[in-house]
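Have a look at this one before I ask anything.
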Amino acid sequence: MSLRTSFNKIPPLEGGFFTVINVIYTIFSKVLFCTKQKEGSIVRPIVKIEVQDKYNILIELASGHKIILDLKEKLHTLRFHDLSNPDVFKKAFTDGYSIMWKNGKIVVSFGEILDILKNVAVHFRAV
């Protein structure tokens, strides 16, 4: 059985804090599979992003899972202050390894996304 097959057999969410933590752990531990070499090329972990309302970004991973990154709490920091302008925030783009704004001047790397996912489960929802 491949990792991808076992990864797709995760039971659906039933709610509750521990269920969310289990899903986060599963996504975090299995995401390494997505960045390994596949037929001689490296698979980029972020397939696409979609900017949503209220400073949320829907992130689709190469594993097929989707997470919502909520950046509202970061807007008061010096690093992310420019993103408080909705016109700037909605111009997010990805190179497959990070989320960027303003021609790469503001960057959230995939590693940072995983750290936030691991340390601050409140900012993510499994979709």
Side-chain angles (χ1 to χ4, degrees):
M1 177 185 297
S2 71
L3 284 174
R4 183 168 289 271
T5 303
S6 63
F7 194 55
N8 290 332
K9 293 186 178 182
I10 297 171
L13 289 177
E14 295 176 9
F17 179 74
F18 290 109
T19 302
V20 171
I21 294 302
N22 287 336
V23 169
I24 289 170
Y25 174 77
T26 302
I27 291 171
F28 185 75
S29 63
K30 302 290 184 178
V31 79
L32 294 176
F33 170 74
C34 299
T35 57
K36 300 262 186 207
Q37 288 189 353
K38 184 177 182 179
E39 298 179 17
S41 64
I42 295 178
V43 177
R44 294 175 186 217
I46 301 173
V47 174
K48 72 177 187 177
I49 63 169
E50 180 182 318
V51 177
Q52 300 184 327
D53 60 344
K54 299 182 182 178
Y55 301 103
N56 292 321
I57 298 178
L58 177 66
I59 304 169
E60 184 178 331
L61 302 177
S63 65
H65 283 82
K66 297 177 182 179
I67 54 177
I68 296 175
L69 175 62
D70 182 353
L71 289 174
K72 283 188 297 260
E73 298 295 321
K74 302 278 187 188
L75 298 178
H76 71 279
T77 65
L78 183 60
R79 178 179 173 196
F80 295 107
H81 177 72
D82 289 348
L83 299 182
S84 61
N85 178 342
D87 292 330
V88 173
F89 188 81
K90 70 181 179 184
K91 292 180 182 175
F93 63 96
T94 185
D95 62 356
Y97 301 104
S98 57
I99 300 172
M100 297 177 268
W101 293 266
K102 299 183 90 173
N103 294 325
K105 292 181 181 169
I106 302 173
V107 178
V108 179
S109 71
F110 184 64
E112 286 180 277
I113 293 168
L114 292 180
D115 284 343
I116 294 170
L117 179 65
K118 190 171 92 174
N119 296 324
V120 189
V122 175
H123 293 286
F124 284 88
R125 296 186 302 258
V127 221

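In what follows, every heavy atom counts, from backbone to side chain, and hydrogens, waters and symmetry copies are set aside.
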By salt bridge (charged side-chain N to carboxylate O under 4.0 Å, His left out), Glu50 pairs with (sequence neighbours left out) none
Q) Is there a side chain to side chain contact (heavy atoms under 4.5 Å, CB included) between Phe110 and Leu61 once you walk through the steps? A) CA-CA 10 Å; Phe110 184 64; Leu61 302 177; 3.8 Å; yes
The reported gap from CD1 in Ile67 to CG in Asn56 (rounded to nearest 0.5 angstrom) is 12.0 Å
- [ ] List the steps and the verdict of side chain to side chain contact (heavy atoms under 4.5 Å, CB included) for Tyr55 and Leu83.
- [x] CA-CA 8 Å; Tyr55 301 103; Leu83 299 182; 5.6 Å; no
**Prompt:** So if you build clusters from Ile, Leu, Val, Met, Phe, Trp, Tyr with side-chain heavy-atom gaps below 4.5 Å, do Leu58 and Val47 land together?
**Reply:** no
Please tabulate, for the side chains in residues 97-108, all donor-acceptor contacts under 3.5 angstrom to protein atoms that are two or more places apart in sequence or on a different chain.
residue, atom, partner, partner atom, Å
Ser98, OG, Asp95, OD1, 3.2
Trp101, NE1, Phe89, O, 2.9
Lys102, NZ, Asp82, OD2, 3.0

Between Lys54 and Lys72, the two heavy atoms sitting closest are O-CG, 3.4 Å
*Are Phe80 and Phe93 joined in one hydrophobic group, where the rule is that I, L, V, M, F, W and Y side chains link up if heavy atoms are under 4.5 Å apart?*
no
Rounded to the nearest 0.5 Å, the OG1 atom of Thr77 sits from the CG atom of Leu71 at a distance of 9.0 Å
Taking every heavy atom of His81 against every heavy atom of Ser84, the minimum-distance pair comes out as O-OG, 2.7 Å
Correct closest heavy-atom pair for Arg44 and Ala62 would be O-CB, 3.5 Å
dist His65:NE2 -> Ile59:CD1 (nearest 0.5 Å) comes out at 14.0 Å
dist Ile57:CD1 -> Ile68:CD1 (nearest 0.5 Å) comes out at 11.0 Å
In terms of heavy-atom contacts, Ala92 and Val51 come closest through CB-CG2, 3.7 Å
Start with the C-alpha gap between Ile113 and Ile46, add the side-chain angles, then the distance that decides, and say whether side chain to side chain contact (heavy atoms under 4.5 Å, CB included) holds. CA-CA 11 Å; Ile113 293 168; Ile46 301 173; 4.2 Å; yes
